[in-house]
Structures are given as structure tokens and as C-alpha cells.
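Notes follow once the structure below has been shown.
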Amino acid sequence: MPRKPLISGNWKMNLNHFEAIQLIQKLGYALDGDDLDACDVSVHPPFTDLRSVQTVLDADRIPIALGAQHCHFETSGAFTGEVSPAMLAKLDVTYVIAGHSERRQIFGETDEMVNAKVRAILTNGMTPIMACGETLDEREAGEAEARVQSQVVAGLAQISADQVANLVIAYEPIWAIGTGVTASSTDAEAMCAHVRRVVGDNWGGDAAQSVRIQYGGSVKGGNAAELMSQPDVDGALVGGASLDADEFARIVQHRLL
Ligand code: PEP
């Protein structure tokens with residue numbers, strides 16, 4: 001069965017809840033039923049915007065999935081400032097990003113923490129988007145494949161093949177995030193194919209065939225069609241361009257470009 005592309009907009013720490021409502025309404029107008037049949041689409045606003053965006057999606061019956069950018073792995077307790085997966089599930093969140101490179105680099109998230117989050121997201125009935133990717137130094141030293149392999153194996157440890165089959169892995173080379181530099185479609189395909197091989201070696205062929213692998217790193221309307229035409233690229237995790245409804249809509253509509 002062909003893997004349906006998933007295009008996810010990571011709004012990062014941008015937009016208050018009034019601005020978030022405007023963006024999701026604009027996006028709802030920009031996309032039609034055919035667009036949302038061809039692709040799954042998720043938006044990942046900051047925590048403070050989730051309830052407002054959920055209300056608009058519900059009221060206007062827009063089939064865009066609500067996502068979160070991060071969560072803690074415990075259900076409740078003395079973790080000041082954190083938000084639990086159970087709280088997100090209650091808000092109808094479908095997808096949660098775990099291990100974004102900004103969380104790993106700025107907030108010190110380790111592979112073990114990412115794995116705990118991935119498991120907690122699954123336990124709460126949501127779908128993890130587990131991010132992985134190498135730095136420029138690692139790429140130049142020829143270590144990119146090994147780095148990504150270790151992140152995938154550690155991040156998905158103790159997860160069953162059936163669960164891996166249904167989750168999402170985002171390959172995001174760190175040197176391409178927010179820089180305007182996109183990996184060539186050949187490089188993006190090579191690494192997404194590598195991730196699929198790693199899944200096959202560790203969780204079997206069925207999981208490898210089903211798992212969705214996104215590319216992320218300066219995806220725009222102008223490069224989306226080329227990237228998404230690669231056989232192992234099953235969608236995109238989009239940062240900056242997801243803050244502009246028309247630009248994000250062009251990425252979702254890549255089949256028309
Ligand atoms: C991201 O935030 O995951 C990302 C890929 O950002 P950008 O599209 O801005 O490079």
C-alpha cells in the first residue's frame with residue numbers, strides 16, 4: 001500500500017493564540033478537499049495556542065490534524081513548566097514531535113529522553129514524529145549515516161514492530177534547518193532510504209515498508225515537489241514556511257507543481 005504523505009508545520013515559538021487562529025483559518029481556506037485527501041497535514045502550534053487551534057479545526061470541520069512540538073514523558077507530577085502526553089491527548093492532539101534538534105541541542109534532550117517520550121506518546125494513543133539528523137561537522141567527517149542510525153535505534157528502543165510501522169520519523173539534517181540551505185533531493189533520498197534500511201534491519205520488512213519518513217530542512221513551495229517525488233520521502237516537516245499560509249499550502253499542493 002502506498003504511504004500517504006504527511007506534511008507537518010512546526011510553528012516553533014511563534015504566534016500568540018490570536019495570530020494562531022488567523023493562520024489556521026487562512027490555511028483552511030487555502031486548502032481544498034482534494035489537497036487534504038492527497039496528503040495528511042498537521043500543524044504544531046505552541047502549547048498556549050493548542051486549545052484555540054483545536055476549536056477552529058473542530059468548528060470549521062477542517063481535516064487538519066493537531067500536533068504538538070514536544071511533551072514530557074511522565075503523566076503528571078512535580079515537573080514545573082512541562083506538559084504531559086495525557087494533557088495533549090485530551091486536546092485531541094494526534095501527532096507529537098519528539099527529539100527535534102532544537103530540543104536536543106538547546107535543551108539537552110538525550111536519546112534516552114527521546115525514547116521515553118516516544119513511548120509515552122504511544123501509550124497515550126498519539127503518533128510520535130521522531131526527529132533525527134546530523135550536524136554539518138558530522139556530515140563532513142563522513143559520520144552522518146552512523147549518527148542517524150544510532151538516533152533511530154536508540155529513539156525507538158523497546159518499541160514493537162507494529163508500533164514502529166505506524167509512527168513517523170523525520171530526517172532533518174541540522175545544517176538545513178532554518179538556514180535556507182536544503183539537502184539536495186539525492187541526499188535527502190539517500191538518507192531517508194538509509195533510515196528505512198535501519199528500520200528494516202531492526203524491526204523487519206513490514207515496519208520498514210509502512211513507516212513514514214519525512215524530510216525536514218528549509219522545505220518551501222519551490223522545492224517541495226522535487227523532494228517529495230523521491231521514493232523514500234513520505235512528506236515534510238516544515239518550520240519557517242509553515243508560518244505563511246499560502247507558502248505552506250503550496251507545499252501541501254506539491255502534486256500540482
Ligand atoms: C523544522 O523546524 O523542523 C524545520 C525544518 O525548519 P525549517 O523548515 O525552517 O528549516
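All ligand and atom numbering here is 1-based and tracks the order in the structure.
- Note: Gln253 CD to Leu31 CG = 6.0 Å, rounded to the nearest 0.5 Å.
- Scanning the protein heavy atoms around atom 8 (O) of ligand 1, the nearest turns out to be Gly239 N, 2.8 Å.
- The side chain to side chain contact (heavy atoms under 4.5 Å, CB included) test applied to Ser242 returns Trp11, Val238, Phe248, not counting sequence neighbours.
- Among protein heavy atoms, atom 5 (C) of ligand 1 sits closest to Glu172 OE2, 3.0 Å.
- If you look at Ile177 next to ligand 1, the close heavy atoms, those under 4.0 Å, come from the backbone and the side chain alike.
- The local environment of CZ in Phe79 is crowded, with over 12 non-hydrogen atoms from other residues, nucleotides or ligands closer than 6.0 Å.
- The ligand atoms of ligand 1 that sit less than 4.0 angstrom from a heavy atom of Gly217 are 5 (C), 10 (O).
- The shortest heavy-atom distance from His100 to ligand 1 is under 4.0 Å.
- Ligand-side atoms of ligand 1 in range of Gly178: 7 (P), 9 (O), 10 (O), range being under 4.0 angstrom from any heavy atom.
- Counting heavy atoms under 4.0 Å from ligand 1, residue Lys12 touches it through the side chain alone.
- The backbone of Ala176, and not its side chain, has at least one atom closer than 4.0 Å to an atom of ligand 1 (non-hydrogen atoms only; backbone = N, CA, C, O).
- Counting only heavy atoms from C-beta outward, the side chains of Trp175 and Glu134 approach each other to under 4.5 Å.
- Atom CE in Met113 sits 5.5 Å away from atom CZ in Phe73 (nearest 0.5 Å).
- Here the closest non-hydrogen pair linking Ala170 and Leu237 is CB-CD2, 3.8 Å.
- Every atom of ligand 1 is numbered from 1 in the order shown, and the set under 4.0 Å from a heavy atom of Gly240 is 7 (P), 8 (O), 9 (O).
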field: Steps toward side-chain contact (heavy atoms from CB on, under 4.5 Å) verdict (Leu167, Val211)
entry: CA-CA 6 Å; Leu167 53 72; Val211 66; 4.0 Å; yes
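- Proximity to Ser218 (heavy-atom distance under 4.0 Å) selects the following atoms of ligand 1: 7 (P), 8 (O), 10 (O).
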